[in-house]
Amino acid sequence: MAATRSLKASADLSPEVSWYLEARGYETPTCTPLIRTPEPRNVKGAVFDPARVDKAIRALRALRHTKGKWAGRPLDPAAVQVAYIIAPVFGWVAPDSFGVLRRIIRDVYVEMPRKGAKTTLVSGLAMVLAFADGEPGAEVILGAASRDQAGQAYKPLAALAKSSQVLRDAGVKATKKEITQESTGSVCKAVSSRGDLAHGANVHGGLIDELHVHKSPDLLEAIESGTGARTEPLVFIITTADDGSTTSVYAQRREFIEKLSRRVLRSPTTYGVVFAAEEADDPFAESTWEKANPLYPVTPSPEFMRSAADKAKANPAALASFLRLHLGIRARMDKRFLDLGRWDRNGSIVD
C-alpha cells in the first residue's frame, strides 16, 4: 500500500519518507546531507511503496557484520541511511510501458567522509541486489579502480556471504573470485576494468567503489551501459570527496549531482546525497564533525576525530587530508599551506 501525500514532512524529508520513518519506529535523523537531489515524487504515476523498503531492510538485517566490535550482529541500517538512501531509492515506483510498477531511481550517488561504514553499505547492497531483489540471473558488479582495489573490495563481500546463514541456506556460495547462487543463476563479483566484464554483460546491479580514485570513465560507462536489458537496474556510486579537481571522473559526476540538487537539470531516475561540512565551518568543532559524518559518534568515534584533528592543527598536509577525508571538503594541500596566524606572530625586523 502506498503512502499518501497528505502527510507532513519531517525536517527536509518528503512526506512519504517521513511517514515511513515514523511508522517503522525510526527517529528523524539529526544529520542531513549538504547536497541532496529531489525525490521523484512528481513522476507520472509515482507512488511510494513501503513494502519494497521493508524487503530491502529485511534482507540487510539477514546479513551479519564480520569485523570489529559489531562482528556477528545484524546489518541493521541506521535511521539516517534509511531516510536518505534506502527508503528513497527502493520505495519510489511508477508504471513502466506495460503498466508494471518498477523502481524509478536507477542511478544513485552517495558521498560521505571516511569511517562512515561505506564498505559495509556497499557489501550489503551488493548482496541485496544479487540475491534478494527478485531478479533471476542477476549480475551484480562491484567496479574498482585497480586490480588490487578490486581484490580488497571483494573480500568483505565474500566474508558477508559466508557469514550469513540465510544466504547459505539459499545456496549462495563464495569462491575466490565470485559469489553465486545456482538455483537463480545470479552472480556477484568485483572487476577493475572494462576488459574484466564478461562480453555482453547483463548488469542488474552496479556498485562503483571510491569514484574519486578512478582515472578513466570507461568502467563506469561499461557498467551503466550494461544495464539496458534489465527492468529494474540499479547503479550505486559510493565515494569520498576528491582534492578539488575539475576534470576528473568524480568531478563530472559530482557537478551533475549539484546541478540536479539546484534544479538546474532534471533527471528523476538519478538520486544523490552528499554528506559534508562547509568550508566556512570550524573544522575542529564537534558540531562540524556531527554535521559531516552521518553515523557520528558511533563511527567515526569522537576519540578518532579528536586525534585526527590534533594532527591537522600542526601540519598543513594533515589539515588538507582531514578536511577532505573526514569532513568531506574538497581541499587541496596548497590551499592552506601557511597558517596566517603563525606567519603574523613571527613578523619582525630581520637581523
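When a residue number appears, it is its place in the shown sequence, counting from 1.
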Checklist entry - Got more than 12 heavy atoms from elsewhere within 6.0 Å of CD, Glu27? => result no
Original post:
Does the distance from a Lys or Arg side-chain N to an Asp or Glu carboxylate O, for Arg253 and Glu224, drop under 4.0 Å?
Top reply: yes
Rounded to the nearest 0.5 angstrom, the CE-OG distance for Met127 and Ser186 is 11.0 Å
Check your understanding: Is it the case that one hydrophobic cluster holds both Val187 and Leu63, taking links as side-chain heavy atoms less than 4.5 Å apart, direct or via other members?
Key -> no
Here the side chain to side chain donor-acceptor pair (under 3.5 Å) pairs for residues 154-165, sequence neighbours left out, are Gln165-Arg168, Gln165-Asp169
### Message
If hydrophobic clusters are built from ILVMFWY residues whose side chains come within less than 4.5 Å, do Val43 and Val108 share one?
### Response
yes
Correct closest heavy-atom pair for Trp289 and Pro302 would be CZ3-O, 4.2 Å
Closest heavy-atom pair, Pro113 versus Ala292, reported as atoms and distance to 0.1 Å, is CD-O, 3.2 Å
A quick test of your reading: do over 12 heavy atoms of other residues, nucleotides or ligands sit less than 6.0 Å from CZ of Arg114? no
Problem - Modelled atom types, side-chain donor and acceptor of Thr240 and His212, under 3.5 Å - result: yes
Hits for ring pair (Phe, Tyr, Trp, His ring centres under 6.0 Å) against Phe304, two or more places apart or cross-chain, chain-then-number order -> His326
side-chain contact (heavy atoms from CB on, under 4.5 Å) filter on Ala229, not counting sequence neighbours, yields Asn202
Between Gly328 and Glu111, the two heavy atoms sitting closest are O-OE2, 4.4 Å
